[in-house]
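Keep in mind it's a predicted model, so treat the numbers as computed, not measured. By convention in this document, chain letters (A, B, ...) are assigned in the order of the sequence lines, proteins followed by strands, and residues within each chain are numbered from 1.
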Amino acid sequence: MNKYDHAAVEAKWQKYWDEHDSFKAETGSKKPKFYALVEFPYPSGAGMHVGHIKAYSGLEVVSRKRRMQGYNVLFPIGFDAYGLPTENTAIKTGVHPRKVTDNNIIKFTGQLKKVGFSFDWSRVVDTTEEDYYKWTQWIFLKMFENGLVFRDKTLVNYCPSCKVVLSNEDSQGGKCDVCHSDIIQKEKEVWYLRITEYADKLLEGLDTVNYLPNIRLQQENWIGRSTGAFVNFKIKEFPDESLRIYTTRPDTLYGVTFMVIAPEHPIIEKYRDKIKNIAELDAYKTECAKKSEFERTQLVKDKTGVCIDGLTGINPITGKEVPIYISDYVMMGYGTGAIMAVPAHDQRDYEFAKKFGIDIIEVIKGGDISKEAYTGDGEMINSDILNGMTNKKDSIAKMLEYLEEKGIGEQGVQYKMKDWAFNRQRYWGEPIPIVHCPDCGMVPVPYDELPLKLPPVENFEPGSDGESPLAKIDSFVKCKCPKCGKDARRETDTMPQWAGSSWYFLRYTDPHNHEALASKEALEYWMPVDWYNGGMEHVTRHMIYSRFWHHFLYDIGAVNTPEPYAKRTAQGLILGPDGDKMSKSKGNVVDPNDVVDEYGADVLRIYVLFMGDYEQAAPWSETSVKGCKRFLDRIWALQDKLIDGDEYRPEMVSLMHRTVKKVSEDIENMKFNTAVAAMMSLINTFYEKDSVNKAEYRTLLTILNPFAPHITEEIYNTVYGGILSEQKWADYDESLCVDDTIEIAVQINGKVRGKVTIPTDADNDTAIAAAKANETIAAAIEGKNIVKEIYVTGRLVNIVAK
RNA sequence: GCCGAUGUGGUGGAAUGGCAGACACGCUUGACUCAAAAUCAAGUAUCGCAAGAUGUGCGGGUUCAAGUCCCGCCAUCGGCACCA
């Protein structure tokens, strides 16, 4: 047999698949549909790295298997091409972002094809194409129409280096997601999408989908729903005024000894003239504004604050007066920006009270409040109506009832999730299709004028004050109001990077539609996505955003299901050979092209799946790649050991069926590493026997095909004729997975002392008798008192002897 | 601080409470070769000549039997972080 020439064979079959549209999905087909989705790449200048390959290889294997099982499979790919890195390249090199993007897409496409992924290349989408972003703008306008878009002047996360406003999701940890500079807080008028309105739907929707538990949990934490109570505290000095607080522990209301409001709380401005120590408060406010994110988190334990002289709260159920402080441990952005402080049962309040010498009143027994706050359950004391109760839930319920009856408070819900800051002061993004008219205010661009095209620009530098480069283009900015026809100004901000990716999976179902984002038939046929795989890093951003958009589209009747993804999984990272995260700066990035050139695409595909548990991170190892190369070479060389046979040889039957079962099940469970191991094990047996028959070889090639499509196609075509990927997936018969006899271990007191072979269907007595008949075992239990004998079917016998 | 994941040979990693280390890498020895690479064969947890003993981050426990279950710790990674 000739040596396997991976370059020639892979090129041959890739050409064949291309010319025959082998992986084209057919909308409306009678076959059962299967929509497999992988996260489309951002086409960066660096090209793809092996992490992309691993991310796509999982569902690639599933898709190829599904096709062989008779499914009509949609496995699409596209490019999420708007974004800062491209724009920064453009600024640096002077090449237009359009050109940069096109070049990068060509590069990515070449890399993907070289790996032999079975994408439907007729459905490629590019979020920066007019025909695509037209519908991104359309969705935005629909949201505008439905009151989900608003503008607000607030403190925003601002990256001084990128000169853009960032969403909370993009500034996690106080660092810019793109350039890792420190984020500062800046007051700006920005666009928001009212995602909080969908918080409950996003939370409840999780019950109807199948996400990996940790993915679901991260989303739940991100949405951060808490139930509690709003309670109104009257102000002693101004009987008509009340301060509204939010608490999750209304059961501790009797333990309130002070209140705290955020430094930015509006009540301070309202009573500015009446507050005696206003200068002191102002000074504190200024100090807080200066603190960086870093300082705030570092000084978490050290509580600071100032007592307001001139405003005093009144506990609504005890009538007791309580001082009001301002402190930066209370945020304006959560709840009402004001809290009731219960130092005995909240650690933060406890620290504050200790520092400022405030009373601590215990209302729940069980802790030692001379040392720390007690947050557990216990008997209620000093609490009048709640005294003697021992269950937190019951106490809260009773208190809520009381509050509502007296009209001083009511049950309430809060979310950690904030509304989505939806604009960037940058060029390379979808223009926001809104016109500012001096008379009519914000006016949407009419639907028939979409897409609102991104105008050609020479200079992509953002303005120094954080203005979009579009603001400098008069022909774009100056326009007529679509409503009244007067001179108006066009919005110059663009949408954030996450816009285009929030609905791309819908476009795949009908990518060339000019009348709608996708036809009703296509959406109804394909949606929801049956299985979506991607990175954990997108669980709280892309996944939340796109679910939000989809729920909205469902509400306006544009799509047929509330949830877009029926199932979501995530792959683990590929680390550099040094065990560190791959990064350009560390120089430990592995280029898939190099691997394909040297070892072949099939080897690369097998290796990224074999290197470890798919969901776990694992370091790259060049020497291990060679092991996969060896495996495929041995598959190839088996052609020399081929003998005739239409059926499995009798001694191979159970192993063949077991292997098919193992590989079939492992693929479904994303245990690709053990699936490959099972096939390696099988060919080791063929080598031990020094032969493989045609029936066995055919099955092996079939179940290996999704992993290594090129080499298996080539062998199949040579040996059997025809196209392997058009053949049926291999079946297995559960009853044939076992042999007639089985070797079991025999233990004495839990330690293995021997092995015996027994019939597979042997009963307890037979198995134990066989075990005792074994010489070593017989000798070992000679003269001993047998306490117990256990036979675990098909596994072992354990004899307990003294 | 809170939530989650992980911890097994020299390495990557396997193990529905039932023979720990499948499969692979690496290494050792041998075959082929003038030689090397490739390939093939045998071996490879630790200690021990052996019989045997010990071994899944640490300390306890449950069980005939624990990597797996329970209790208490430690370490690493990821997410959130003064969320009232």
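- Checked for salt-bridge contact, A:D200 and A:R225 meet the test: a charged N lies under 4.0 Å from a carboxylate O.
- Taking atom CG on A:D578 and atom P on B:U11, their separation rounds to 17 Å, with Å as the unit.
- Note on A:G335: nothing from the nucleic acid sits closer than 4.0 angstrom, heavy atoms only.
- A:E688 places its CD atom 12 Å from the C1' atom of B:A41, with the value rounded to the nearest Å.
- Among the protein residues, A:S621 comes within range of no part of the nucleic acid, since none of its heavy atoms lies under 4.0 Å from any strand.
- Using a 4.0 Å heavy-atom criterion, one finds that A:I790 contacts the bases of the nucleic acid, with or without backbone contacts as well.
- If you take atom C1' in B:G4 and the same atom in B:U11, they sit 27 Å apart, rounded to whole Å.
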Inset, instruction - Begin with the C-alpha distance, continue with both residues' side-chain angles, and end with the deciding distance and a verdict on salt bridge (charged side-chain N to carboxylate O under 4.0 Å, His left out) for A:E622 and A:K626. - result: CA-CA 7 Å; A:E622 174 94 21; A:K626 287 183 187 152; 5.6 Å; no
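- Among B:A84, B:G13, B:A24, the nucleotide with an atom closest to any side-chain atom of A:M680 is B:A24.
- Residue-level contact check: A:D633 touches neither bases nor backbone, having no heavy atom under 4.0 Å from any strand.
- Between A:Q616 and A:K662, it is A:Q616 whose nearest contact on RNA chain B lies nearer the 5' terminus.
- Rounded to whole Å, atom P of B:G12 lies 16 Å from atom CD1 of A:I574.
- Backbone-only engagement by A:N684 is indicated by non-hydrogen atom pairs under 4.0 Å involving sugar-phosphate atoms exclusively.
- Among the protein residues, A:E743 comes within range of the nucleic acid bases, having at least one heavy atom under 4.0 Å from a base atom.
- Side-chain atoms of A:K755 come within donor-acceptor range of the base of B:C19, with a qualifying N/O pair under 3.5 Å.
- Taking the P atoms as reference points, B:C2 lies 14 Å from B:G72, given to the whole Å.
- No donor-acceptor pair under 3.5 Å is formed between the side chain of A:T252 and the backbone N or O of A:V342.
- No contact: A:K671 has no heavy atom under 4.0 Å from any strand.
- With salt bridges taken as basic N to acidic carboxylate O contacts below 4.0 Å, one links A:E410 and A:R244.
- Closest-nucleotide positions on RNA chain B for A:A745 and A:Y614 were compared, and the one nearer the 5' end corresponds to A:Y614.
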